[in-house]
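Read through the structure below, which is laid out as structure tokens, and then see the notes.
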Amino acid sequence: MKLQDKVAVVTGGTRGIGRAMVEALAREGAQVLFTYAHNDLLAGQIESELREQGLKAKGFKIDVRDFEKINQWKEEILIEFGGVDILINNAGIAKDKALMMMSREDWDEVIDTNLNGLFNFTRAFIVHFLKKKEGNIINISSVSGLIGLPRQVNYSASKGGMISFSKALAKEVAPYNIRVNVICPGFIDTDMTRKLREEYVRQMMPLIPLGRFGTVEEVARTALFLADETVSHYITGQVIRVDGGLTM
Amino acid sequence: MPAEKTLDTLRQELRKIVAEIGEISEEEIKDDANFIDDLGFDSMKALEVAAAIEKKYKIRISEEEIPKINSLVNVFKLLEKSLKN
């Protein structure tokens with residue numbers, strides 16, 4: 001097991017890519033602490049499914065926009081679990097529409113969750129990582145943040161912001177043995193992409209050289225690669241595209 | 001007085017920690033010298049002092065108290081307070 005004795009925090013861990021990462025990390029022996037926004041039932045299901053397999057995962061209902069609550073929670077888990085080794089900032093939402101139809105609320109909600117949520121969690125744990133001179137931060141952005149996608153100015157802006165944030169932080173904390181990397185998934189088969197209009201999917205498909213949507217497991221395996229310091233210890237500040245070649 | 005001797009030892013130990021992290025000689029560190037203005041520390045170095053103290057004395061310094069790590073006198077006060085608790 002690659003992550004035995006490691007403690008990993010995954011935000012947005014009950015669905016899609018987040019859930020796949022929770023399961024993948026737990027299978028490699030990590031104690032996974034995942035957050036979720038709404039669904040207590042689903043979080044409980046994930047916990048018990050993994051427990052039945054002898055794996056360790058625990059869900060916490062936390063709004064990634066709530067800076068104070070996150071800091072309070074961080075204090076609690078640092079005491080309970082003795083520290084955190086890996087932070088995966090994954091929680092994200094999309095509210096796609098043309099800019100001319102986009103309300104101020106649509107903009108704020110996406111920026112607050114995707115970008116401010118990244119700040120909130122990273123700010124909460126960075127002092128812990130700096131003090132122990134060790135830490136591994138993996139941020140889940142999107143190809144939308146790299147190339148921009150129509151009807152996603154809010155999402156693209158938030159995801160592009162995540163990339164710049166990560167590069168700046170990677171340089172800032174590298175002397176303290178803290179790595180910061182970004183994964184940019186392309187079109188992955190999740191609830192989020194299932195909402196895309198059929199016509200749009202038909203247009204996008206020929207642009208994906210591998211000719212298909214990716215799976216959440218494929219993204220999770222990339223996260224595992226970054227989480228495992230025995231294979232990725234010399235990698236920081238990188239943006240890894242898991243997109244079937246879409247943005248090459 | 002044994003208690004005073006202990007405090008004196010603590011002061012010496014702290015000076016040693018700060019000197020090591022700041023890569024300066026112990027003699028250079030006056031009790032009230034400001035770490036940033038006088039000794040050229042940055043905020044990361046202050047954090048390193050906090051981490052070293054936490055490790056050595058098995059105490060926990062809260063994030064709010066880290067800005068107070070700005071002189072030997074203040075670090076000593078902080079340590080004294082934490083050890084009392």
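Throughout, protein chains are lettered first and strands after them, A, B, ... in sequence-line order, and every chain is numbered starting at 1. Nothing here was measured: the structure is a model prediction, and the numbers come from that model.
- Annotation for A/K61: atom NZ counts as buried by contact number, over 12 foreign heavy atoms lying within 6.0 Å.
- Across B/K45 and A/Y176, no two heavy atoms sit closer than the pair N-OH, 4.4 Å.
- In this structure, B/E63 CD and A/K74 NZ are separated by 4.0 Å, a value rounded to the nearest 0.5 Å.
- When the shell of 6.0 Å around CZ of A/R15 is examined, it contains 12 or fewer heavy atoms from other residues, nucleotides or ligands.
- Looking at A/K132, neither its backbone nor its side chain comes within 4.5 Å of chain B, counting heavy atoms on both sides.
- Note on A/K131 versus B/E48: no salt bridge recorded, every NZ/NE/NH1/NH2 to OD/OE distance being 4.0 Å or above.
- Residue A/E68 places its CD atom among 12 or fewer non-hydrogen atoms of other residues, nucleotides or ligands, all under 6.0 Å distant.
- Sparse packing is recorded around CZ of A/R123, with 12 or fewer heavy atoms of other residues, nucleotides or ligands lying under 6.0 Å away.
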